[in-house]
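Letters A, B, ... are given to chains in the order of the sequence lines, protein chains preceding strands, and every chain is numbered from 1.
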Number of protein chains: 2
Amino acid sequence: MPKVSFEKFRRAVLARSVSKDTDTRLSEIGIFQHAVRGEEVSLSGRTDQLVFLAEGSTKLVASDADDAEQVLAFHFAGDMIYVPRRNRGDFRLVALADCRIISFSANEFLDVAEQDPAVLRTILTRTLMALQRSRNKAIRMGRRSAQERIADFLLAMADRIGNDEGNCISLRLPMSRRDIGNSLGLTIETVSRQFTELRDQQIIATSGRSIVRLYDLAELAVRAGHTPPPQSKSEICAGSKNDRQPLAIAAAESGV
Amino acid sequence: MPKVSFEKFRRAVLARSVSKDTDTRLSEIGIFQHAVRGEEVSLSGRTDQLVFLAEGSTKLVASDADDAEQVLAFHFAGDMIYVPRRNRGDFRLVALADCRIISFSANEFLDVAEQDPAVLRTILTRTLMALQRSRNKAIRMGRRSAQERIADFLLAMADRIGNDEGNCISLRLPMSRRDIGNSLGLTIETVSRQFTELRDQQIIATSGRSIVRLYDLAELAVRAGHTPPPQSKSEICAGSKNDRQPLAIAAAESGV
DNA sequence: CGGGTCGTTGAAAAAGTTCAATATTAGTGG
DNA sequence: CCACTAATATTGAACTTTTTCAACGACCCG
């Protein structure tokens with residue numbers, strides 16, 4: 001049994017728990033798995049699942065009639081992911097890179113957690129963050145223009161997996177242009193054209209398929225439609241630059 | 001203190017709790033309020049809030065730069081709504097009809113609930129449902145065509161506030177066309193044109209601004225892009241009509 | 001180093017938005 | 001109870017954006 005995964009899970013989720021019993025029981029009902037890049041994570045579709053992503057990255061997709069799949073969320077190491085059971089719709093969790101995961105039946109997990117309110121509360125807090133993130137995605141998709149959606153997407157990714165390199169923030173995006181399009185409700189061509197446009201304007205740079213460097217976060221925020229209306233009140237200006245920050249930290253923390 | 005509201009709250013949220021103490025403490029930290037149609041519900045923006053909607057209906061909006069507001073969710077009596085504190089973005093809860101609500105500081109609420117895991121679990125379950133609903137909204141918005149979004153919206157509303165009238169399902173929509181547009185990322189004109197089209201095809205009928213009757217749910221589901229690809233497997237057909245049902249029930253139950 | 005996937009670019013078509021005018025509704029006061 | 005008014009909804013036409021279809025180019029893996 002992969003101790004490494006559970007150790008990460010312990011630190012991320014059980015931190016507040018005092019009960020050794022909870023620890024033991026969760027390690028017993030958890031199912032430890034690997035998934036290789038591109039492969040669907042095989043989960044029981046019979047019950048709602050709670051999945052801890054110890055390593056790697058995934059996308060949660062809703063497959064629809066036709067061929068179109070909607071990407072609901074991307075996840076990274078340390079996230080907890082709620083995957084509804086089959087009859088609530090056709091949801092699939094797909095590995096974007098090789099993954100190590102621990103999956104639980106949501107009910108079994110909660111039955112254990114109910115004996116240990118601190119754990120229950122941690123899960124609730126993470127779920128609220130997930131809700132927050134899902135709402136932010138809804139905001140992103142509500143934006144009419146492709147430019148706004150892409151800019152906001154890049155900022156959201158910067159919050160989650162960006163590396164500060166001084167003059168820029170660099171990202172290694174594990175998802176394809178198609179995934180980005182399916183996540184944002186755009187076609188792959190439109191995504192590509194928006195990247196090109198941002199690249200031509202030196203706001204971003206790309207290298208290879210997956211590396212993106214963001215050179216002008218402020219300008220990206222403008223493109224994303226953030227930033228309050230140009231200094232409606234002067235005192236607001238000082239704080240406005242950091243408006244995303246609190247959310248950024250929250251977003252970097254957790255999942256479900 | 002409006003006992004009626006708290007009685008509803010008790011039935012909806014505290015049902016599983018055995019502790020009289022929890023009941024008392026929550027009634028002490030809860031703030032009972034009214035809000036009249038069109039008015040913003042005044043909440044403390046200093047901390048995350050949990051709001052129980054005892055009566056009426058609301059929209060949660062994210063106000064953006066410019067004038068555009070994105071509607072994140074609509075809520076109805078019995079829902080619990082998570083409203084993030086101010087610095088996580090500019091979220092406002094607005095009454096679509098006269099409302100009675102109980103608002104709590106999320107942290108205070110959870111501190112009490114942590115003593116009573118059954119309540120904590122109820123909140124978590126509702127939050128998971130809210131997440132589910134938010135994801136469904138993301139799916140809805142991912143659909144490219146306006147027709148699909150509108151059809152899916154109508155089905156979602158039917159699930160939540162539809163009255164079965166034998167040959168049709170009737171809805172009294174508390175929100176304006178503008179709200180619908182802001183929720184779906186469409187303009188008011190596009191919403192109107194889609195309604196007109198569905199009306200011309202006898203799939204729906206409208207009377208006044210807010211009454212909508214759905215005469216052909218199956219056809220609406222097709223327009224929404226639901227329904228598995230036409231009988232790929234014959235055995236699927238029997239069950240397919242009810243695919244939405246489980247979710248419908250879940251959706252009608254709860255909020256956050 | 002070659003082949004297949006993935007990404008980029010172009011031109012035409014489709015869909016949605018915008019702007020502007022008109023119609024309907026619901027609420028108000030006579 | 002009706003007429004009036006303001007707000008909301010509908011319709012039309014020009015315009016903009018995105019999608020679609022098709023071809024080409026680049027990247028990565030074996």
Using a cut-off of 4.0 Å on non-hydrogen atoms, how would the nucleic acid contact of A:Ser192 be classed: base, sugar-phosphate, or nothing? base
Is the cationic atom of B:Arg160 (NZ for Lys, CZ for Arg) positioned less than 6.0 Å from the six-membered ring centroid of B:Phe76 and within 45 degrees of its normal? no
Residue set satisfying salt bridge (charged side-chain N to carboxylate O under 4.0 Å, His left out) with B:Arg223, at least two apart, ordered chain then number -> B:Glu219
Opening and closing nucleotides of DNA chain D in contact with chain B, under 4.0 Å to non-hydrogen atoms: D:dA7 to D:dA13
Non-neighbouring partners of A:Glu40 that pass salt bridge (charged side-chain N to carboxylate O under 4.0 Å, His left out), sequence neighbours left out: A:Arg92
Residue whose closest nucleotide on DNA chain D lies nearer the 5' end, A:Val191 versus A:Ser210: A:Val191
Contacts table for residues 179-187 of chain A: side-chain donor-acceptor under 3.5 angstrom, sequence neighbours left out:
| from | atom 1 | to | atom 2 | distance (Å) |
| --- | --- | --- | --- | --- |
| A:Asp179 | OD1 | A:Lys59 | NZ | 2.6 |
| A:Asp179 | OD2 | A:Ser176 | N | 3.3 |
| A:Asp179 | OD2 | A:Ser176 | OG | 3.4 |
| A:Thr187 | OG1 | A:Thr190 | N | 3.3 |
| A:Thr187 | OG1 | A:Thr190 | OG1 | 2.9 |

Provide the start and end nucleotides, 5' to 3', of the part of DNA chain C that has atoms under 4.0 Å from heavy atoms of chain B. C:dG16 to C:dA26
What pairs of donor and acceptor atoms, side-chain ones from residues 163-173 of chain A against any protein atom, are under 3.5 angstrom apart with sequence neighbours left out?
| from | atom 1 | to | atom 2 | distance (Å) |
| --- | --- | --- | --- | --- |
| A:Asp164 | OD1 | A:Gly166 | N | 2.8 |
| A:Glu165 | OE2 | A:Ser170 | OG | 3.1 |

Heavy atoms under 4.0 Å, any strand shown: does B:Arg199 hit a base, just sugar-phosphate, or nothing? sugar-phosphate
Is it true that the NZ or CZ of B:Arg177 lies under 6.0 Å from the centre of B:Phe195's six-membered ring and within 45 degrees of the ring axis? yes
Mind checking side-chain hydrogen bond (donor to acceptor under 3.5 Å, both in side chains) for B:Ser210 and listing every partner two or more places apart, or none if nothing turns up? none
Is the side chain of B:Arg143 donor-acceptor paired with the backbone N or O of A:Gln70 at a distance under 3.5 Å, no angle test? no
Would you call A:Asp98 and A:Arg37 a salt bridge, taking side-chain N to carboxylate O under 4.0 Å as the test? no
Determine the contact category for B:Thr190: base if any of its heavy atoms lies under 4.0 Å from a base atom, sugar-phosphate if only primed atoms, P, OP1 or OP2 are that close, otherwise nothing. base
Enumerate, atom names and distances included, each donor-acceptor pair closer than 3.5 Å involving a side-chain atom of residues 196-204 of chain A, sequence neighbours excluded.
| from | atom 1 | to | atom 2 | distance (Å) |
| --- | --- | --- | --- | --- |
| A:Thr196 | OG1 | A:Ser192 | O | 2.9 |
| A:Glu197 | OE2 | A:Gln147 | NE2 | 3.4 |
| A:Arg199 | NE | A:Thr206 | OG1 | 3.1 |

Residues two or more places apart in sequence or in another chain: which of them pass salt bridge (charged side-chain N to carboxylate O under 4.0 Å, His left out) with A:Arg149? none
Toward the 5' end of DNA chain D, which comes first, A:Ser207 or A:Ala146, by nearest nucleotide? A:Ala146
Could you tell me whether B:Lys8 and B:Glu55 have a side-chain N and a carboxylate O separated by less than 4.0 Å? yes
Nearest nucleotide by nearest heavy atom, which residue falls closer to the 5' end of DNA chain C, B:Arg193 or B:Arg37? B:Arg193
In short, the helix from C:dG7-D:dC24 to C:dG30-D:dC1 is bent end to end, axes from five pairs each side, to 10°, by 50°
Who are the salt bridge (charged side-chain N to carboxylate O under 4.0 Å, His left out) partners of B:Arg86, not counting sequence neighbours? B:Asp90
Counting only non-hydrogen atoms, which of residues 175-182 of chain B are less than 4.0 Å from DNA chain C? none
Heavy atoms under 4.0 Å, any strand shown: does B:Gly185 hit a base, just sugar-phosphate, or nothing? sugar-phosphate
